[in-house]
Amino acid sequence: MSDIMSLGFGNTVPVVEHPDTGKPGRGPLARRRRRLTAFRVAVFVVMGVFFFTPILAMFEFTTRGTGLGAPRTLASWRAIFDYPDLITAIQVSLELAAITSAAGLFLLVPTMVWVRLRLPRLQRVIEFLCLLPLTVPAIVLVVGLAPVYAWVTYFFGSSTLTLAFAYVVLVLPYTYRVIDAGLRGIDVQTLSEAARSLGAGWPTVMWRIIAPNIRSALLNAALLSVALVLGEFTIASLLSFQNLQVAINFLGRANAGVSIAVALASLFFAFILLVALSFVGRRRSAPVHEEE
Amino acid sequence: MTQSMTDAAVGPGAASGQGVEVRLEDLRREYGPVIALDGLSLTMAPGEMVALLGPSGCGKTSALRLVAGLEEADAGRIVVGGHDVTSLSANKRGMGMVFQAYSLFPHMTARQNVAFGLRLRGVKDSDRKRRAGDMLELVGLSAQADRFAHQMSGGQQQRVALARALAIQPQVLLLDEPLSALDAKVRVQLRDEIRRIQLEVGTTTLFVTHDQEEALAIADRVGVMRAGRLEQLASPTDVYARPASAFVAEFVGLTNKISGPVQGGRVQVLGTSVAIVGTAVPDGPATAMVRPEAIVLTTDDGAGGDAPGELGTVLAVSFLGAISRITITLPNGGSVIAQLPTSVAAEFPAGSSVRVSVRPDPVPVAPADSPS
Ligand SMILES: Nc1ncnc2c1ncn2[C@@H]1O[C@H](COP(=O)(O)OP(=O)(O)OP(=O)(O)O)[C@@H](O)[C@H]1O
Ligand SMILES: [Mg+2]
């Protein structure tokens with residue numbers, strides 16, 4: 001709760017908060033804390049090794065020279081730019097990620113708020129509908145989507161960006177969960193009624209009252225969407241669209257080094273995004289810590 | 001609360017002028033099978049503060065939400081200052097509302113909260129700041145202007161909410177149990193302050209509460225509600241001293257239910273013939289509603305005889321400071337509570353025998369086996 005409370009745009013007031021951690025002390029309590037810290041470090045290291053070994057292996061692979069004993073080279077990385085199809089695919093995937101996360105939020109947030117306020121009985125139904133894509137394997141989804149895309153192509157042309165329709169559905173379960181948790185953290189009804197009685201119309205309520213108070217949920221939902229879209233292969237491939245993963249896969253047959261380099265780059269991109277977003281989400285509470 | 005009254009001339013009251021008349025006409029509202037409002041009619045004079053009082057579920061909140069436009073009426077009209085606002089949406093009604101739940105926008109400071117309504121009205125930045133500052137001063141929170149909701153106490157939050165509601169110079173101020181989440185001491189303090197501010201700004205105010213003391217203490221008139229209707233609308237003293245019905249008598253203040261026969265428009269209570277207020281009751285057995293302070297006790301000197309009243313035994317005396325409450329059991333098994341100045345109550349220790357009668361003030365009467 002306090003995390004949500006501390007989000008927003010106004011000026012931050014310096015607050016003296018009571019630090020909940022006492023001074024480093026002696027005795028059994030301190031020993032227990034040290035043991036806990038050691039445990040945490042151990043877990044962190046093990047997980048780190050688990051995650052980073054394959055990544056390091058990928059990096060090692062992309063810097064191998066051709067032939068035995070050849071020196072390390074960044075040729076594969078430089079070669080990324082020699083494949084215009086790949087560049088286009090990267091561009092398209094980034095666009096898809098942006099469109100999907102924006103469209104998902106614009107669709108979901110007002111709907112969920114509205115249902116909460118006006119049709120609380122429909123809440124279960126909406127939840128069921130939103131979680132449904134989770135239970136349907138992508139392959140099966142494509143079988144259903146193929147005829148739909150005949151129509152989508154008819155109306156919107158054959159641009160790869162039309163994949164956004166499928167992706168909005170695909171990310172629905174995740175964004176729903178995150179936004180639901182965010183909305184649970186605030187008193188949507190009272191806040192929106194207070195805003196309305198002060199003269200705010202529904203768009204103002206959504207934009208100026210609800211959104212700022214579930215900001216971290218919105219950021220998380222957007223991030224999840226981006227990560228999912230950047231990593232999506234099955235639907236794009238089966239509907240014969242060329243997105244990043246399809247391009248990487250295709251390239252992998254011609255030049256494994258470059259394809260791994262791109263995969264690594266996209267991983268890295270998602271990682272940077274994650275760090276950036278968590279940094280943005282935490283910015284507000286920073287002055288409080290400085291105060292201590 | 002060192003807020004000075006001298007700045008009343010530059011306060012919001014000066015700008016908003018006087019309050020407007022508010023009329024609720026035959027409002028109906030049903031939730032499925034539940035009838036929340038069953039033809040509620042109520043006229044508030046300009047600048048008046050009316051408290052709606054009633055048991056839980058009687059429709060107080062529903063009435064307020066209908067006036068605010070947060071809920072639609074099934075039938076009936078709401079007329080504010082001569083304009084029918086029944087079909088206007090909440091954001092167009094210009095009503096200030098303070099909610100029972102804490103409702104400050106968590107991502108804004110107190111000042112930004114207060115300025116929010118002004119911002120929506122396109123008030124210039126500098127004016128907005130000044131007005132918000134004025135309003136915060138009015139509620140005595142200038143020093144907390146830059147705090148967020150989670151950095152303020154419940155009472156402070158409700159004060160900011162009040163300032164926020166008043167900042168838009170509302171035609172009507174609506175308060176839905178704004179004090180019920182606060183502890184007793186703050187509650188009393190803040191309710192007096194709400195009244196002071198309301199008198200200062202002169203806004204017509206509808207105040208919902210289930211706390212009778214609160215209603216009687218600050219309102220110009222008190223409306224006692226029962227099952228979606230107004231049972232009585234009168235000044236606090238009238239509601240207390242001349243309740244229109246047995247329900248009102250029982251709901252407002254402590255009441256003795258004493259059975260006695262009705263004959264010719266008067267009721268016989270403990271040997272005294274008393275006039276009946278409110279609805280007429282047919283002759284026959286009935287129950288009279290008598291306030292504890294209308295019970296008269298005299299020491300039983302054994303002479304008795306022609307003095308009115310019945311003999312009873314003091315069961316217990318509870319000391320409440322300046323006054324004391326004495327519980328007396330009657331020979332027929334019933335009990336009566338009397339309220340006396342503590343100095344007088346000393347004459348009637350527990351276990352002593354007393355003569356119990358009533359002052360001949362008019363009382364409300366319920367037919368004998370009515371549940372209320
Ligand atoms: N949204 C709703 N859906 C269904 N029933 C409702 C709704 N709102 C109110 N009611 C019903 O309408 C009746 C009146 O409710 P209301 O909230 O106006 O009572 P109240 O006098 O404010 O009570 P309290 O003192 O407990 O706040 C109650 O029986 C309540 O159950
Ligand atoms: Mg209520």
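As the structure is a computational prediction, the values presented were derived from the model and not from experiment.
Expressed to the nearest 0.5 Å, how far CG of Leu198(A) lies from CZ of Phe105(B) amounts to 5.5 Å. In this structure, Asn213(A) CG and Met108(B) CE are separated by 8.0 Å, a value rounded to the nearest 0.5 Å. In this structure, the separation between CG on Leu191(A) and OG on Ser103(B) is 7.5 Å, given to the nearest 0.5 Å.
The greatest number of non-hydrogen atom pairs below 4.5 Å with chain A, out of Met97(B), Arg164(B), Arg111(B), is found for Arg164(B).
Around CZ of Phe106(A), the count of heavy atoms belonging to other residues, nucleotides or ligands within 6.0 Å does not exceed 12.
Contact detail for Ala101(B) and Thr190(A): the closest heavy-atom pair is CB-OG1, 4.0 Å. Smallest separation of non-hydrogen atoms from Ala200(A) and Leu120(B): N-CD1, 3.5 Å.
Within the 3.5 Å criterion, the main-chain N or O of Arg208(A) finds a donor-acceptor partner in the side chain of His107(B).
Glu193(A) pairs by the salt bridge (charged side-chain N to carboxylate O under 4.0 Å, His left out) definition with Arg65(B), not counting sequence neighbours.
Heavy-atom neighbours of chain A within the stretch residues 69-92 of chain B, taken at a separation under 4.5 angstrom, comprise Leu70(B), Ser89(B), Ala90(B), Asn91(B).
At a 4.5 Å heavy-atom cutoff, the contact between Leu104(B) and chain A is made by backbone atoms alone. Looking at Ser197(A), the atoms closer than 4.5 Å to chain B (heavy atoms on both sides) sit in the backbone and in the side chain alike.
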* To do: Apply side-chain contact (heavy atoms from CB on, under 4.5 Å) to the pair Phe116(B) and Ile209(A), showing each step before the final yes or no.
  => CA-CA 10 Å; Phe116(B) 181 76; Ile209(A) 303 298; 3.7 Å; yes

